[in-house]
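All remarks here apply to the structure that follows.
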Amino acid sequence: MPLHNAEMASVFEQIADLLEIQGANPFRVRAYRNAARSVGEFGKSVPAMIEQNEDVKRIAGIGDDLAAKLREIAATGTCELLTRLRAEMPAAITELLQVQGLGPKRVRALYDALHVQTIEQLREAAEQGLIRTVPGFGEKTQAHILERLEAHAHKSRRFALAFAERDALPLLAHLRTGKGVEQAVVAGSFRRRCETVGDLDILATARDGRAVIEHFVRYGEVRQVLARGDTRSSVVLASGMQVDLRVVEPESFGAALVYFTGSKAHNIAMRRIAQGLRLKINEYGVFRGEDRIAGRTEESVYAAIGLDWVPPELRERHGEIEAAHAHTLPCLIERADLVGDLHAHTRASDGRASLLEMALAARERGLQYLAVTDHSSGADGTRGLDAAHLGRQIDEIDALNRTLHGVVLLKGIEVDILEDGRLGLPDAILERLDIVVGAVHTGFDLPRARQTERVLRALEHPSMSILAHPTGRLIGEREPCDIDLVRVMRRARALGCHLELDAQPNRLDLTDTYCRMAKAEGVLVAIDSDAHDSAGFDDLRYGVDQARRGWLETKDVLNTRGLDALRPLLRASASRLERTS
DNA sequence: GCCGTTTTCGGCCCGACTGTTTTCAGTCG
């Protein structure tokens with residue numbers, strides 16, 4: 001069973017945790033954490049690179065030693081250092097680091113004094129009042145540990161971005177009613193439009209920080225106040241979401257916004273550049289000695305160190321710093337660039353609106369065309385169309401298009417890709433369509449080779465236009481299927497097929513990394529709503545967010561094309577255009 | 001353990017808050 005990057009990264013993470021608890025050199029620990037992150041996020045399969053004798057030292061943070069360890073992990077599944085660390089210290093102890101407020105030093109102290117190794121033992125020790133007897137711990141710390149354990153048990157690790165928005169927007173509205181509040185914005189992973197966020201980081205500007213903090217903790221949804229100072233505070237909302245607020249003076253807004261938007265790796269890279277220029281960046285500004293030379297706006301902060309302003313979605317230390325320096329940052333796609341949608345459902349399958357309702361809703365949102373792609377029959381758990389029913393829908397759409405103004409419906413289908421790679425409807429009916437969107441709805445757990453062959457075969461079908469939600473993942477619910485998307489992309493490009501970025505907030509499939517790979521491979525991405533009712537079109541913006549994280553520009557996205565430019569790019573209609581001309 | 005516009009050694013981002021202290025360590029972001 002071949003390893004994945006995530007598993008290799010996990011070995012490094014475990015080593016970092018154990019080293020840290022043992023009190024190792026913090027920079028060595030950081031080296032393992034940096035390496036874990038680079039490997040985990042690396043676009044290509046690291047085990048495959050090793051197999052093909054590619055140099056893994058070109059991955060950021062990998063030097064001679066860690067390259068050797070990667071090869072060792074690829075060969076054996078683990079590495080000798082981790083085995084040795086586990087022999088010296090119970091491996092389960094690292095789970096204690098997940099409890100908020102417990103870091104390596106305290107975990108070590110509790111282990112040495114009380115032999116606490118697990119969450120359960122920690123709870124028992126706290127309930128029996130033993131924690132406060134350990135040097136450096138007291139009543140309050142013991143009580144906090146019990147509280148945080150409670151939170152730990154209930155907390156789902158991360159929230160979908162759309163879920164976080166439901167907390168963020170009313171909270172911002174509350175903050176803005178505070179006396180003396182000039183600005184209040186969400187920073188952090190929310191602003192970078194990560195598909196999930198662990199907490200909300202809010203930045204406000206005001207002269208009197210304390211007053212803003214007091215106003216903040218009085219917000220009705222606040223269930224628990226974790227910290228409250230003069231310039232920052234942390235609370236937990238009723239939804240379980242943690243919110244961190246920072247208040248700075250308006251002169252520092254730009255610097256603080258850069259700082260709290262992150263990512264951490266992006267900030268560290270910026271500070272290193274500043275160091276080289278004998279400047280210092282912190283959340284209050286850019287400083288030469290005591291003089292603040294920038295900080296009111298983000299642009300001023302980037303400019304002070306010779307960089308173009310970087311869109312938040314790119315701030316992941318994935319090459320954006322170099323691009324900002326060379327003035328080669330991409331001009332990222334925006335929602336308004338989408339002029340159509342190529343994947344939507346109606347009541348004919350599992351949608352909740354009629355053809356006409358969907359057409360009007362699409363037009364209302366500025367779309368010039370909408371592909372109607374109901375499910376084919378046989379899809380698990382969904383009502384679908386057989387050939388006869390689809391034939392009637394085709395006639396219905398033709399009739400409707402004669403009366404519609406300002407929007408055109410394209411005749412399409414979301415057809416099942418069967419386990420052997422055939423499509424779930426006869427060729428004769430597929431040939432009558434403008435667009436064929438193929439999707440895997442069963443057999444998500446096929447082995448990698450079979451899953452890949454299955455999809456490659458489907459792409460070969462002459463009517464196939466777009467591969468929908470290519471990995472099938474549902475965030476927090478279903479893992480992506482195991483498939484070699486590089487091969488899929490290369491074949492798609494050769495055949496004139498396209499890959500979808502399904503914009504539903506719990507799908508966002510393709511991921512940002514795969515979007516970037518698609519761009520590199522020259523495959524167009526279709527950002528589709530997969531709408532099941534008229535409100536579903538509003539999800540397109542999440543797809544655009546994800547596409548921006550994947551460095552996509554207007555030219556990289558299929559449905560930025562007007563209808564005339566689009567038709568020849570859809571194989572189904574292209575082949576018919578050829579026949580009729 | 002990595003890395004180089006201080007390049008093979010000596011650095012490695014920086015500040016706020018809390019609790020347990022009695023001037024600071026630990027944790028977090």
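Bear in mind that the values here come from a model prediction, so they are computed numbers and not experimental data. Each chain gets a letter, A, B and so on, in the order its sequence line appears, and its residues count up from 1.
The distance between atom CZ of A/R148 and atom C1' of B/dT27, rounded to the nearest whole Å, is 10 Å. A/R210 has its CZ atom 9 Å from the P atom of B/dC17, to the nearest Å. Between the CD1 atom of A/I213 and the C1' atom of B/dT18 there is a distance of 15 Å, rounded to whole Å. If you measure from atom CZ of A/R33 to atom P of B/dT27, you get 12 Å, rounded to the nearest angstrom. Summarising the geometry, the separation between CZ on A/R192 and P on B/dG29 is reported as 13 Å, rounded to the nearest angstrom. Between A/R246 atom CZ and B/dG29 atom P the separation is 13 Å, expressed in whole Å. Protein atom CD of A/E20 is 12 Å distant from nucleotide atom C1' of B/dC28, rounded to whole Å. Remark: C1' of B/dG1 and CG of A/L70 are 13 Å apart, rounded to the nearest angstrom.
Between the side chains of A/S252 and A/R292, a donor-acceptor pair is found at a separation under 3.5 Å. No hydrogens or angles considered: a donor-acceptor pair under 3.5 Å links the side chains of A/E165 and A/Y542.
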Report, as a single string ordered 5' to 3', how protein heavy atoms within less than 4.0 Å touch nucleotides 2-13 of chain B: B base, S sugar-phosphate only, - not at all.
SS--S-----BB
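A side chain to side chain contact (heavy atoms under 4.5 Å, CB included) with A/I59 is found for one member of A/L66, A/N5, A/V46 and no other, namely A/V46.
Sorted by first and then second residue, the pairs that involve residues 302-313 of chain A and meet side-chain hydrogen bond (donor to acceptor under 3.5 Å, both in side chains), not counting sequence neighbours, are A/H266-A/Y302, A/E298-A/W309, A/Y302-A/R315, A/D308-A/H327, A/E313-A/R548. Judged as a salt bridge (Lys or Arg N to Asp or Glu O under 4.0 Å), not a single pair has a partner in residues 174-183 of chain A (not counting sequence neighbours). Among pairs with a residue in residues 94-115 of chain A, those fulfilling salt bridge (Lys or Arg N to Asp or Glu O under 4.0 Å) read A/R108-A/D112, at least two apart in sequence or across chains.
Residues from residues 291-323 of chain A that place a heavy atom under 4.0 Å from any atom of DNA chain B: there are none. Contacts with DNA chain B (heavy atom under 4.0 Å) in residues 223-235 of chain A: A/A227, A/R228, A/G229, A/D230, A/T231, A/R232, listed by number. Listed by residue number, the members of residues 124-145 of chain A with any heavy atom below 4.0 angstrom from DNA chain B are A/G136, A/F137, A/G138, A/E139, A/K140, A/T141, A/H144.
Considering all non-hydrogen atoms of both residues, A/V29 and A/A16 come closest at CG1-O, 3.7 Å.
Side-chain nitrogen and oxygen atoms of A/N282 include at least one within less than 4.0 Å of the OP1 or OP2 phosphate oxygen of B/dG15. Side-chain N/O atoms of A/K280 include one lying less than 4.0 angstrom from OP1 or OP2 on B/dG15.
Scored by the side-chain hydrogen bond (donor to acceptor under 3.5 Å, both in side chains) test, A/R490 finds A/E521 as partners (sequence neighbours excluded). Under the side-chain hydrogen bond (donor to acceptor under 3.5 Å, both in side chains) criterion, A/H215 pairs with A/H174, A/T177, sequence neighbours left out. Applying the side chain to side chain contact (heavy atoms under 4.5 Å, CB included) rule to A/V235 yields the partners A/F216, A/V217, A/V222, A/V225, A/S233, A/L237, A/V243; only residues at least two apart in sequence or on another chain are considered. Applying the side-chain hydrogen bond (donor to acceptor under 3.5 Å, both in side chains) rule to A/R30 yields no partners; only residues at least two apart in sequence or on another chain are considered. By the side-chain hydrogen bond (donor to acceptor under 3.5 Å, both in side chains) test, A/R516 pairs with no residue at all, sequence neighbours left out.
When the shell of 6.0 Å around CD of A/E479 is examined, it contains 12 or fewer heavy atoms from other residues, nucleotides or ligands. Applying the 6.0 Å contact sphere to CZ of A/R478 captures more than 12 heavy atoms from other residues, nucleotides or ligands.
When the P atom is compared between B/dC13 and B/dC24, the two are found 23 Å apart, to the nearest whole Å. The P atoms of B/dT23 and B/dA16 are separated by 22 Å, rounded to the nearest whole Å. Distance noted for atom P between B/dC3 and B/dT8: 16 Å (whole Å). On the P atoms, B/dC12 is 31 Å away from B/dT21, given to the nearest whole Å. Separating the C1' atom of B/dG11 from that of B/dT5 is a span of 16 Å, rounded to the nearest Å. To the nearest whole angstrom, the two C1' atoms, one in B/dG10 and one in B/dG19, are 35 Å apart. B/dT18 and B/dC9 have their P atoms separated by 45 Å, with the value rounded to a whole Å. The separation of B/dC14 from B/dT6, taken at their P atoms, amounts to 15 Å, rounded to a whole angstrom.
Under the 4.5 Å side-chain criterion, counting only non-hydrogen atoms from C-beta, A/F42 is in contact with A/R58.
Nucleotide B/dT8 forms a pair with no other nucleotide shown, judged by Watson-Crick or G-U wobble geometry with both contacts under 3.5 Å.
The nearest heavy atom of DNA chain B to A/V107 and to A/Y32 marks one nucleotide each, and the one closer to the 5' end goes with A/Y32.
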